[in-house]
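Here the structure is laid out as structure tokens; the discussion comes afterwards.
As the structure lists them, so they are numbered: ligands from 1, and atoms in each ligand from 1. Model, not experiment: these values are computed from the prediction.
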Amino acid sequence: MNILIINSGSSSIKYQLWRYPERKLLVKGLVERIGLDNAVITHKSDPVYRHEIKINDHIHGIRIILEALTDPEHGVLGSLSEIHAAGHRVVHGGEQFTDSVLITPDVLDTIDNMSSLAPLHNPPNAAGIRAVMQNMPSIPNIAVFDTAFHQSMPQEAFLYAIPIKYYKEDMIRKYGFHGTSYRYLTKKTADILGNKPEDVNGVFCHLGNGSSICAVKNGKSVETTMGFTPLAGLVMGTRSGDIDPGVLFHMIRSGIVSNTSDLDTLLNKKSGLLSIYEKSSDMRDIEDNLTTDENAKLAFRMFTHRIRLYISAYLSLTGPDSTIVFSGGIGENSPLVRDAVLCDLQHMGIKINKALNEKLPRGQWGTISDADSKVKVLVIPTDEESQIAEDTYNIVAEL
Ligand code: ADP
């Protein structure tokens with residue numbers, strides 16, 4: 001079975017083609033700048049095929065992807081009939097979806113309805129689904145939700161301490177994101193430890209441009225740092241993370257910002273690492289300038305300080321046999337961040353091994369704690385797309 005994986009954003013579509021049950025990635029690529037005259041498809045065949053073309057909308061974008069997949073020169077398929085199913089990343093599933101599902105008209109309606117909670121993400125996700133349906137009407141489509149894994153959080157974790165009617169009537173609560181990554185990492189941790197996923201306890205750190213942490217108890221999410229939106233929690237590339245809401249009232253009342261839209265842009269696009277270092281939101285740039293630039297140093301310290309706080313807090317939920325897992329672009333690739341986050345925590349049973357931490361080969365999982373560290377510390381490259389492919393295969397195989 002060949003499975004097309006689609007991760008559709010407002011102006012881009014990332015795609016992968018997987019063959020099952022071999023679990024083989026055949027090819028991947030992305031379409032960028034949808035809606036502009038100079039849109040481009042980068043199809044990562046060997047050699048890479050890059051083509052600039054005007055792409056009007058997502059339906060057009062998917063058609064260009066399907067043409068690349070079946071192209072006689074750089075394609076990997078003879079015809080479209082060799083694609084048997086599609087798996088779609090969907091950011092928000094609200095409380096309706098606790099697992100991945102076959103997309104029916106009702107499911108698509110619900111994804112549309114969730115757009116009020118994720119206005120930047122669900123509309124392009126739904127556009128990607130409709131585009132695949134239009135281009136390949138006969139194949140099953142599966143939705144895999146970023147929020148689903150966190151639906152196991154207890155009420156005391158997901159409710160905000162505001163009048164309960166806002167939860168009951170307006171769906172205002174903590175949802176959490178990066179759930180597909182955490183589900184993948186939980187299973188991978190179980191494999192590594194020789195456990196069942198339902199026996200995994202740990203604090204999982206997905207650190208990238210968008211960063212979050214998840215407390216996993218008995219294989220299930222019990223807390224996470226992102227909230228009603230992906231703005232809460234850690235200091236991120238351009239997002240503030242946690243901030244006293246009183247600051248926002250003050251900024252509006254005193255005219256520091258003129259409206260909520262400006263405030264939204266300020267907190268989502270102009271804050272985080274970018275706002276402190278000022279020259280870039282990229283952790284590599286910050287690390288390159290740590291010794292010479294005070295702002296880079298401060299941004300780094302603020303980033304790692306908040307992660308330390310959350311890890312310590314979440315260990316109180318996950319218990320004595322916890323594992324700490326680092327993942328995401330920063331978590332997988334930055335020994336400096338991992339060291340700053342976990343150094344001098346012997347009193348909490350955490351002993352990071354500096355040599356293992358520094359020498360861990362890129363792209364591979366590894367242990368970075370001492371053999372006598374009570375809390376084991378792992379680095380595991382995440383793979384959300386393979387999890388989407390796995391879910392799609394499992395659901396379609398049962399149809
Ligand atoms: P996204 O949230 O967009 O998926 P990624 O998980 O790709 O983000 O992570 C991007 C971040 O990873 C960037 O801040 C980048 O600087 C950081 N990163 C990538 N490689 C390294 C590295 N070798 N050292 C430090 N940071 C890195």
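Shown here, atom 20 (N) of ligand 1 is in close reach of the protein: a heavy atom of it lies under 4.0 Å off.
Asp71 and Tyr49 share no donor-acceptor pair across their side chains, judged by distance under 3.5 Å alone. In this structure, a donor-acceptor pair under 3.5 Å is present between the side chains of Thr318 and Ser322. Asn333 and Arg362 share a donor-acceptor pair across their side chains, judged by distance under 3.5 Å alone. Counted by atom type alone, His150 and Ser221 present one or more donor-acceptor pairs between their side chains at under 3.5 Å.
Considering backbone and side-chain atoms alike, Gly329 places an N or O below 3.5 Å from some N or O of ligand 1.
Under 4.0 Å from ligand 1, the heavy atoms of Arg362 that appear belong solely to its side chain.
When the heavy-atom distances from atom 22 (C) of ligand 1 to Val337, Asp282, Asn333, Thr382 are ranked, the shortest goes to Asn333. Between atom 27 (C) of ligand 1 and the options His206, His178, Arg284, Glu332, the minimum heavy-atom separation is to Arg284.
Near Gly208, meaning under 4.0 Å from any of its heavy atoms, are these atoms of ligand 1: 2 (O), 5 (P), 6 (O), 8 (O), 9 (O). If you number the atoms of ligand 1 from 1 as listed, the ones under 4.0 Å from a heavy atom of Gly210 come out as 2 (O). Close contacts of ligand 1 with Ser334, meaning ligand atoms under 4.0 Å from a residue heavy atom, involve 25 (C).
Between Tyr310 and Tyr314, the ring-plane angle classifies as perpendicular under the 30° and 60° cut-offs.
Closest protein heavy atom to atom 11 (C) of ligand 1: Ile330 CG1, 3.7 Å. Looking at atom 8 (O) of ligand 1, its nearest protein heavy atom turns out to be Asn209 N, 3.1 Å.
Residue Ile286 holds its CD1 atom at 7.5 Å from OG of Ser281, rounded to the nearest 0.5 Å.
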